[in-house]
Amino acid sequence: MNAVILPVAIKMLSHNKLRFFMTVTGISMAFFLAAAQIGLLVGWVNTNSAIINHAGADLWVMAKETRTFDYGTAIPRHRVQQVSSVPGVKWAESMLIGWATWHHPQGKRINVEVIGLDDSFTGGPWEFASGSIEITRQPDTVVVDELYGDMLGVWKVGDEAEIQGHRVIMGGFSRGVRTFTAAPFVFTSIRNAQKYTPYYRDDEISYVLARVAEGEDPMKVRDLINQSVSNVEALTSSEFAERSVKYWMLETGIGITVIITAALGMLVGAVIMSQTLFAITQDHLPNYATLLALGFHHKTLRSIILSQSFCLGGLGISLGAVLFGVASNASATSPIPLETTNYVSIALIIFFLLCCIGASWFSIRAIFKLDPVMVFHG
Amino acid sequence: MSSDVLVCQGISKSYGEGEQKEQVLSRVDLTFQKGQASVLIGPSGSGKTTLLSILGCLLAPSEGELIINSEAVNFKDKSSLTEVRRLKLGFIFQHAQLLPFLTIKENLVVFARNTGMQADDIEQRIQLLIERLQLVAMAPKFPSQLSGGQRQRVAIARALLHRPSIVLADEPTAALDWHNGQTVVELLLDQARVEQAVLVVVTHDVRMLPLFDRILAIENGIVQVKQNVK
């Protein structure tokens, strides 16, 4: 690299320290805005597939055309035995899901999603703040997440409330089990759940969760179930998670709104950065004209601008990433988490660095249009 | 070997076409020899800046040829024009045009590096020029901390740093009072003679004329050469 590029690029940027600070802050806020919107999207995607992903089942068997986990409908309970008998299935358990009304001790009524679990509690909470899931074997005992304690009016093991007119006792509080629908999950045994979801008959459930035997291909076992068990649909866990996410994200207004907001966040971030870089170049046009007149090649000036873009972009992205980290930690215990994955983070950083190049393009174009003769006109 | 460093052969420059055509320079034939100092004078709009821009390879003539060190300048190849400016020319502008975000020393170093000078040579050459031009104390300062005269002295150092064969100055004293202006021009002449560079200075200040080897008077695009008798 030409030995003048970096010193000129960096000193041109940092000479006006206040402006430099404001520019880096602007870019970091733009990155944070985009990262927060994407983080919200990732958090929601994770939320609406969390139970499926944490259940540890290879296959989910459900009523045909079930759109999402939250909207499971009734299938006969004996499907559990039918699925168990399919070659390659190691074990199968049932799950019941239904909507009910929770009576807050102070009289408020809140919609909840009741999840009835089978004997080994597959599909239940994966982390506990207090109590345990096993206690829900006892009559009228339930578990909710600590995030929704205030909403439901229960704060400790032993607190009482009502669902559909039936008394419930808190057997424990899970941690980090969020709902996407604003109706908190209430975990209990299937026997208890049936009391709270009277529209299910005693011989009905919502899902069969199955694990395949070691060495078996879940896809092949899925196909066997679909061929041999009537009036149900079997999906692998990842297929069902993807279907649930797609339903909320693409088929409902909520998801589209989040996606559009995330896209707007990225767009606004890119525009702020382009505008800032272009403004800096415009301010320094007379200096660039001087450099051209003094024998600096266009490619050297282009490299100076690109270096500035990457310098500003790198600092802005780093600061924005720190802000995102802080916000993500702060939101970890809230109902709406900001989350990310390595893949998403890398993609976002690459996108912003590409925006740097895009932003430079306008500035470089301005330099290429510059006539060095202007140095003789003051 | 010829001592003609810079030769203009039939250089003309016009803008527009047909009835709109404006002839700025008409068949200028000039020869500049090693170490020769010329001053270019003329009323506003007479074509001084246009001629200086052509001599500085910043503007292509409509007709004619510019020869530097026996080589014709190819005005169609922008990259080769930049190379000529980078290696063979030194410029001094009306307002010095130093980079405001670099110190005086950094201004000189960055410029020298771009000309391909070696680090040792850069250090020695800068030291020599800032001593000659009495700029040692200003080296760590920024241009905004210097007076107009000091800035022009830095511009002289920058113009001579890479030992160019031609130095072009566009009204280097316009922003200075008479005393400072005279000092700057005397320094410029001294240094150009020491370096054996062709020097062409545009000025409006007739009091400076006796300092130069010859006067190039330009009016309506026609240049007349007058030798100075010292």
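Keep in mind the model is a prediction, meaning the values are calculated, not measured. Below, chains carry the letters A, B, ... as their sequence lines are ordered, and counting in each starts from 1.
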Where on A:H298 is there a heavy atom nearer than 4.5 Å to chain B: the side chain, the backbone, both, or neither?
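Interface part for A:H298: neither.
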Under a 4.5 Å heavy-atom cut-off, does chain B meet the side chain of A:L13, its backbone, both or neither?
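Neither part, no heavy atoms under 4.5 Å.
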Inter-residue atom distance [X].[atom1] - [Y].[atom2], 0.5 Å rounding:
{"X": "B:L98", "Y": "A:N287", "atom1": "CG", "atom2": "CG", "answer": "10.0 Å"}
{"X": "A:K11", "Y": "B:N107", "atom1": "NZ", "atom2": "CG", "answer": "10.5 Å"}
{"X": "B:L58", "Y": "A:L292", "atom1": "CG", "atom2": "CG", "answer": "9.5 Å"}
{"X": "B:R158", "Y": "A:T290", "atom1": "CZ", "atom2": "OG1", "answer": "7.0 Å"}
{"X": "A:T300", "Y": "B:R113", "atom1": "OG1", "atom2": "CZ", "answer": "13.5 Å"}

With a cut-off of 6.0 Å (strictly less than), are more than 12 heavy atoms of other residues, nucleotides or ligands near [atom1] of [X]?
{"X": "B:D177", "atom1": "CG", "result": "yes"}
{"X": "A:F368", "atom1": "CZ", "result": "yes"}
{"X": "A:E127", "atom1": "CD", "result": "yes"}
{"X": "A:F21", "atom1": "CZ", "result": "no"}
{"X": "B:Q145", "atom1": "CD", "result": "yes"}
{"X": "A:Q275", "atom1": "CD", "result": "no"}
{"X": "A:F20", "atom1": "CZ", "result": "yes"}

Interface residue of largest heavy-atom contact number with chain A, from B:S79, B:P100, B:A159, B:G90, under 4.5 Å
B:P100
Minimal non-hydrogen separation, B:F93 against A:A293, with atom names:
CZ-CB, 4.1 Å
Where on B:E171 is there a heavy atom nearer than 4.5 Å to chain A: the side chain, the backbone, both, or neither?
neither
Measure B:T115 against the heavy atoms of chain A and call it side chain, backbone, both or neither at under 4.5 Å.
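Neither the backbone nor the side chain of B:T115 comes within 4.5 Å of chain A.
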Taking B:T82's backbone N and O only, do any of them form a donor-acceptor pair with A:H297's side chain (distance below 3.5 Å, no angle check)?
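No, because the side chain of A:H297 does not come within donor-acceptor range (under 3.5 Å) of the backbone of B:T82.
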Between the main-chain N or O of A:V4 and the side-chain N or O of B:N114, is there a donor-acceptor pair closer than 3.5 Å?
no
Partner of B:V110 under side chain to side chain contact (heavy atoms under 4.5 Å, CB included), chosen from A:I5, A:L294, A:V8:
A:V8
Determine, stepwise, if the pair B:T49 / A:V373 fulfils side chain to side chain contact (heavy atoms under 4.5 Å, CB included).
CA-CA 9 Å; B:T49 302; A:V373 172; 5.6 Å; no
Using the six-membered ring wherever Trp is involved, compare the ring planes of A:H15 and B:F142 and label them parallel, tilted or perpendicular (cut-offs 30° and 60°).
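A:H15 and B:F142: tilted rings.
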